[in-house]
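Written out below as structure tokens is the structure these notes cover.
Basis for what follows: all heavy atoms, side chains included, without hydrogens, waters or symmetry-related copies.
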Amino acid sequence: MVNRRLLGLGVCVGAMVLSAWGCGGSDGPTTPIDDTDNVDPRPGVDAGTGGDTDAGTDAGTDIDAGTDAGTDAGTDAGTDAGTDAGTDGGTDAGTVDPWPADPVTNYSDRYGIGRVKSVSVDLGKNIWVLDGDRIGVVRADTQKLVWVGGPVGQAAEGQPSSVICGGEAGRAYVGYYADDLGVDPEWPDIHTNFIVTAKPCEIPVNETTCFPFSPRRLQFYKQGDVDAVKLDASGQVVLEGHINQSRRANKDANGNPFIQTGPTVVDGVSLGIRNSNDHHFDEDRAMYSCTSVLRGPNKGDVFFGSNHGVTRIRGLTYNAHRHPVWFDARGSQYAGYTYGLGISPDGDVLIANEWNFGTVTPDTKLENWDDTTTAGINPQKVKSSYLPEVNSQETFDSWRAFQQTTDKKYYLGSKDLGLWEMTILSATNPFQKGTRVGADVPALGGINALASTNDGSLFIGTNTGGLYRLTPSKTVEKVADVRGNKVLQLVYDGSGTSGMLLVLTSEGLTVLRGH
């Protein structure tokens, strides 16, 4: 396996000492462009891309560019245009629960879902499913499965899908794969993720060469990223739009706050998700994980873990990105693909990649997500750490899940190295303390998913042994009546009176209630 490397420029390394997770782009303010209505509803993609490789393997290097403009961000200059409430299907969470109250129900059989690759639930209690280029939803009002009429958005252009996450009532977000960008034979000296958007040429930050506009490179923006779908007024699943509108708090040259948005479309090409501090850098391309916020002040928000970091989406607007990283003796920066995303009982965002993990208490304003330096905004109980009891910093830990139980204990699940309890030594420490859990249970050696529930349990989705539970008294037990040995995903909705745990395995979807 080839270790994926993110080589940080010196200025980015300096910012990272202050835990500036969002790198790439310019360190100066960007003039806002009023382009919020220019949304391409059916963006094309380059069907030749792949992306089904294991996270953390990369044939080339990925240079994290520029400096972080987040040092002067953090002041709100208006209302949040990203809170779009225009969806139709379902009602918000807190209404009467429409689903079976039985402790265990096979939803694949009961609702005709079959085997799918990803599942989620929105604030209206609608259950969304993803099966290749098909997007479906079991509606809360009718309890009937509705599939989209045909491939839409990225799927219509042959882009491979990855994950689905529910948002506001009647809305969901679909993530897609795209390969990392490597060295361009035509422009070998250009930063691999820098896309020239102005004619005749542009000069990247910290460089002097003027790179000519390339219509071919502009097409890279079409690959990967996220589509929004919704239930329309007739109860059908339709494409709502490609997520391409950024939102970021910034200050102008005179220190006055403004909301930096940037363009959404250039020369007819939807820019999709790119760095919020500089739209030229297309770093977040492949979506490997996502998690929905189903309760608390940020409910309705969705976080996507990518090949580069974590993007936050609210409505049809996003902010990208931030990520835990580490540096070697030469100052080179490393970040693994973000497979592990969780929301703590208190609403913290828990992030785990191939090497490192970190936590963020997210500000309620979307535009502040990538702000890493303003006091009081996005505090971090853990900034960027690893577990020396598992491996050296240089060796993959292959984290696939990160959760906190109601007793405030943290747990990390590894694809190859089992379940670990993490104890915080200090927020800024480069390593925290790890304690192996369930080492005597062979099935816990390979973990794909974790879920923390209201009753204090931790559910453990294994790769070959099915579903397990770490009880509130910290004993490990096998969960019966869940069909399938390979657990693909665990999704928990604890917003109602009876918790609802969606267990997706290689054999279908089972739902557990009461935890």
Side-chain angles (χ1 to χ4, degrees), residues 1-6 21 45 49-59 62 64 116-120 128 130-132 154-155 159-166 172-181 193 223-227 243 272-275 282-292 302-313 318 320-325 334-343 349-358 360 396-403 412-416 446-451 461 463 486-491 504:
M1 179 174 288
V2 180
N3 284 2
R4 179 175 185 272
R5 302 179 58 199
L6 285 167
W21 285 6
V45 295
T49 60
D52 285 314
T53 56
D54 188 18
T57 62
D58 186 71
D62 186 0
D64 205 11
V116 293
K117 70 188 301 182
S118 182
V119 299
S120 190
W128 294 86
L130 180 65
D131 179 25
Q154 299 285 66
Q159 198 77 3
S161 65
S162 53
V163 291
I164 192 167
C165 266
Y173 303 89
V174 183
Y176 292 87
Y177 290 116
D179 288 336
D180 281 358
L181 296 177
N193 296 106
Q223 302 167 359
D225 300 330
V226 176
D227 285 341
I243 301 299
I273 291 175
R274 70 282 179 194
N275 292 21
D282 184 20
E283 293 181 312
D284 304 89
R285 294 172 51 80
M287 303 299 145
Y288 287 102
S289 59
C290 63
T291 190
S292 305
V302 172
F303 293 87
F304 272 86
S306 75
N307 60 299
H308 193 86
V310 178
T311 294
R312 182 179 184 179
I313 299 177
Y318 77 90
H321 56 252
R322 56 191 305 136
H323 45 54
V325 300
Y334 295 76
Y337 293 0
T338 305
Y339 270 112
L341 273 182
I343 304 295
V349 181
L350 311 177
I351 305 170
N353 59 41
E354 298 288 10
W355 287 287
N356 284 56
F357 54 86
V360 185
F396 276 6
D397 295 332
S398 299
W399 298 124
R400 291 298 182 264
F402 189 10
Q403 290 284 298
L412 288 152
S414 168
K415 178 175 70 73
D416 304 309
I447 294 172
N448 295 332
L450 297 173
N463 192 53
K486 186 182 182 70
V487 178
L488 305 176
Q489 191 178 4
L490 296 176
V491 176
L504 181 65

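- For Asp416, there are no salt bridge (charged side-chain N to carboxylate O under 4.0 Å, His left out) partners two or more places apart in sequence or in a different chain.
- By the 4.5 Å heavy-atom criterion applied to side chains, Arg274 and Arg285 are not counted as neighbours.
- With rounding to the nearest 0.5 angstrom, the OH atom of Tyr339 is 9.0 Å from the OG atom of Ser289.
- Of the options Val163, Thr338, Asn307, a side-chain contact (heavy atoms from CB on, under 4.5 Å) to Tyr288 is made by Asn307 and by none of the others.
- The heavy-atom pair separating Pro324 from Asn353 by the smallest distance is O-ND2, 3.2 Å.
- Gln489 places a side-chain N or O within donor-acceptor distance of the main-chain N or O of Val119, the cut-off being under 3.5 Å.
- At a cut-off of 3.5 Å, with distance as the only test, no side-chain donor of Gln154 or Asp227 sits close to an acceptor on the other residue.
- Judged purely by atom type and a 3.5 angstrom limit, Ser120 has no side-chain atom pairing as donor or acceptor with the backbone of Trp128.
- In this structure, the side chain of Asp131 does not engage the main chain of Val116 through any donor-acceptor pair within 3.5 Å.
- The two residues Gly132 and Ser161 come nearest to each other via the heavy atoms O-OG, 2.7 Å.
- Looking only at side-chain heavy atoms (C-beta outward), Ser162 and Tyr177 come within less than 4.5 Å of each other.
- When every heavy atom of Thr291 is checked against every heavy atom of Cys165, the shortest pair comes out as N-SG, 3.4 Å.
- Applying the side-chain contact (heavy atoms from CB on, under 4.5 Å) test between Phe303 and each of Ile313, Leu341, Thr311 identifies Leu341 as the sole match.
- A side-chain donor from one of Asp180 and Tyr337 sits under 3.5 Å from a side-chain acceptor of the other.
- Counting only heavy atoms from C-beta outward, the side chains of Asn463 and Ile447 never approach each other to under 4.5 Å.
- Here OH of Tyr318 is found 10.0 Å from CD1 of Ile243. Values are rounded to the nearest 0.5 Å.
- Listed by chain and number, the residues in a side-chain hydrogen bond (donor to acceptor under 3.5 Å, both in side chains) with Ser306 are Asp284 (sequence neighbours excluded).
- Residues Gln159 and Gln223 form a side-chain contact, since some pair of their non-hydrogen atoms from C-beta on lies under 4.5 Å apart.
- Legend: residues meeting salt bridge (charged side-chain N to carboxylate O under 4.0 Å, His left out) with Asp397, ordered by chain and number and at least two apart, are absent.
- Checked by atom type and distance alone, the side chain of Arg312 never pairs as donor or acceptor with a backbone atom of Val310 at under 3.5 Å.
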